[in-house]
Amino acid sequence: MTISAFPLTRRALVGATMALGACPTALLARTSGGLIAGTYVNEGGPGLMPLTHGAQGWQLGAPVAAIRNASFGVRSATTGMRYLLDEQTQGAVGVYTAGLAKLGTASTLGADPCHAALSADGRHLAVANYSSGSVALFDLDRTGRLAGDARRIQHEGSGPNRERQAGPHAHWVGFSGANQLHSVDLGADAVFLHRLGAGGAVDTSIAYRTEAGAGPRHIARHPKLPIAYLVTELANTVTVLRALPDGRFTALATLSTLPKGFTGASAAAHIAVNAAGTRLYISNRGHDSIAVFAIQRDGGLTPLQHAGSGGHWPRLFLLREGEREMLVANERSGNIARLAIGADGKLGTAAKGVALPGVVFLSA
């Protein structure tokens, strides 16, 4: 396993000024299949960008003024509301309509928010604050607006990598069941379980602990089985986890996200399972590839392919199975590559695609 070094993290750089542009609300409203892309301004990004698909492929619209460093966001399937993070030292989340009209903003009570999740009933929003190692938990009203300030849940713990794990670094959040919230912490080498009780009470425990120094980053759940897949950023592994009824996990197997013989620096990032639960995809930053695994009937994994990401430092990718394509946000080369998805779930040769400096987030 390779544990990569990071001489300068993105969280140390965020906070530059935002390029101005026209609001694309009307454009998004009348365009079928439009997407949005978030960028880091300090890396030359123009802010949040609309993407539209035409005869010449994907094209950029005008940047959205005042939405900067949108490193992640989620959209409600019922209300269409978007919750977009502003990854800065004074972290914030903005609430927007489907057409990106701003409805409100609130502090995430922490530094550098990088991931968010909505509960299944649409009544809660959770945000992971990376640099402060905490989770912000918001209540939402029936329209999807924030109902008051957030509650702060602080992680504790550290790891042996003193550069990356001197303290807790919350990197992912996700709801399971009616009253369970999980959070993955890269600095603490742990997956936390937060049981949500009456009156705002939160009971926190360890759901799973990785090997020391692994640096867990994100979880993807199987759509049909009580199985989850945990990707580690520092160790470049994916662990098959059995999800227990009480919210804890047990490990079944661990595989490398990198090909045999690779000895360079790399850092695994995004992870996703296809809708059928038959393929798992993971981005490798440094090796600059998308690892493809076949998912067996019992949830186990078999490596299938390492496809080139079409650029440098693939931060996040978007599966568009209906269109048989994967779009990859290559942060450091500043482009959104397109890879065809074959009938067997393997990926085709990447086309470099749209140029967009500092791109880190894609969403429908």
Side-chain angles (χ1 to χ4, degrees), residues 9-12 14-15 68-74 76 81-96 102-141 144-159 164-209 215-219 247-248 361:
T9 69
R10 68 180 185 273
R11 275 97 190 174
V14 296
R68 52 182 181 163
N69 295 317
S71 62
F72 198 78
V74 289
S76 170
M81 294 277 204
R82 293 186 185 271
Y83 306 87
L84 299 176
L85 304 182
D86 187 0
E87 187 177 327
Q88 300 196 77
T89 302
Q90 301 295 323
V93 58
V95 183
Y96 301 85
K102 189 173 183 178
L103 299 178
T105 187
S107 170
T108 63
L109 306 180
D112 301 320
C114 61
H115 193 265
L118 286 165
S119 61
D121 63 5
R123 301 307 299 271
H124 300 288
L125 171 71
V127 176
N129 293 307
Y130 178 86
S131 293
S132 53
S134 62
V135 173
L137 182 60
F138 293 90
D139 293 330
L140 304 177
D141 65 21
R145 295 173 185 255
L146 302 178
D149 296 332
R151 286 173 279 165
R152 185 171 180 264
I153 306 170
Q154 181 62 51
H155 288 179
E156 302 291 342
S158 60
R164 300 294 312 280
Q165 296 183 305
H169 294 302
H171 218 314
W172 179 94
V173 285
F175 290 91
S176 62
N179 299 302
Q180 291 184 354
L181 171 67
H182 288 97
S183 54
V184 176
D185 196 292
L186 183 148
D189 283 328
V191 179
F192 291 94
L193 169 63
H194 312 289
R195 293 185 176 88
L196 311 180
V202 178
D203 177 44
T204 297
S205 60
I206 300 292
Y208 178 76
R209 192 176 291 282
R217 180 181 172 97
H218 280 196
I219 282 177
R248 294 180 297 117
F361 169 61

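On a predicted model such as this, the values are computed, not experimentally measured, just so you know. Residues take their numbers from the sequence shown, with the count starting at 1. Values below: every heavy atom of this structure, side chains too, minus hydrogens, waters and symmetry copies.
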If you apply the rule side-chain contact (heavy atoms from CB on, under 4.5 Å), what do you find for Val93 with Phe138, and how did you get there? CA-CA 10 Å; Val93 58; Phe138 293 90; 3.8 Å; yes
Derivation and outcome, side-chain contact (heavy atoms from CB on, under 4.5 Å), residues Val184 and His218: CA-CA 6 Å; Val184 176; His218 280 196; over 6 Å; no
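Side-chain contact between Leu109 and Asp149: absent, with no pair of heavy atoms (C-beta onward) separated by less than 4.5 Å. Between Phe72 and Cys114, every side-chain heavy-atom pair lies at or beyond the 4.5 Å cut-off. Looking at Phe361 and Leu84, their side chains come closer than 4.5 Å, going by heavy atoms from C-beta outward. Between His169 and Arg164, every side-chain heavy-atom pair lies at or beyond the 4.5 Å cut-off. At a threshold of 4.5 Å between non-hydrogen side-chain atoms, the residues Val191 and Asp185 do not count as touching. When side chains are defined from C-beta on, Leu140 does not count as touching Val95, because their heavy atoms never get closer than 4.5 Å.
For the atom pair CG (Leu193) and OG (Ser176), the distance works out to 7.0 Å, reported to the nearest 0.5 Å.
With sequence neighbours left out, His194 forms a ring pair (Phe, Tyr, Trp, His ring centres under 6.0 Å) with His155. For Arg123, there are no salt bridge (charged side-chain N to carboxylate O under 4.0 Å, His left out) partners two or more places apart in sequence or in a different chain. With sequence neighbours excluded, no residue forms a ring pair (Phe, Tyr, Trp, His ring centres under 6.0 Å) with Tyr96. Checked against ring pair (Phe, Tyr, Trp, His ring centres under 6.0 Å), Phe175 has no partners two or more places apart in sequence or in another chain. With sequence neighbours excluded, the residues forming a side chain to side chain donor-acceptor pair (under 3.5 Å) with Gln154 are Arg152, listed by chain and number. Listed by chain and residue number, Asn129, Ser132 satisfy the side chain to side chain donor-acceptor pair (under 3.5 Å) test with Ser134 (two or more places apart in sequence, or in another chain).
Using a distance-only test at 3.5 Å, with no hydrogens or angles considered, a donor-acceptor pair links the side chain of Gln165 to the main chain of Leu186. Judged by distance alone, with hydrogens and angles left aside, the side-chain atoms of His124 form no donor-acceptor pair with the main-chain N or O of Asn179 at under 3.5 Å. For Asp86 (side chain) and Gly91 (main-chain N/O), no donor-acceptor pair under 3.5 Å exists by modelled atom type. Remark: side-chain polar atoms of His115 are paired, donor with acceptor, to backbone N or O of Val173 under 3.5 angstrom. Remark: side-chain polar atoms of Tyr83 are paired, donor with acceptor, to backbone N or O of Gly144 under 3.5 angstrom.
Closest approach of Gly159 and Asp189 over heavy atoms only: CA-OD2, 4.0 Å. Considering all non-hydrogen atoms of both residues, Gly174 and Ala117 come closest at CA-CB, 4.0 Å. When all heavy atoms of Trp172 and His182 are compared, the closest pair comes out as CZ3-O, 3.9 Å. Here the closest heavy-atom approach between residue Ala116 and residue Val74 is recorded as O-CG1, 3.3 Å. The two residues Ala201 and Arg151 make their nearest non-hydrogen contact at N-NH1, 4.4 Å. Between Arg209 and Ala188, the shortest heavy-atom contact is NH1-O, 3.4 Å.
The number of heavy atoms from other shown groups lying within 6.0 Å of CZ (Arg248) does not exceed 12. Around the CG atom of Asp141, the shell of radius 6.0 Å holds more than 12 heavy atoms that belong to other residues, nucleotides or ligands.
Using a 30° and 60° split on the angle between ring planes, His171 and Tyr130 fall in the perpendicular class, above 60°.
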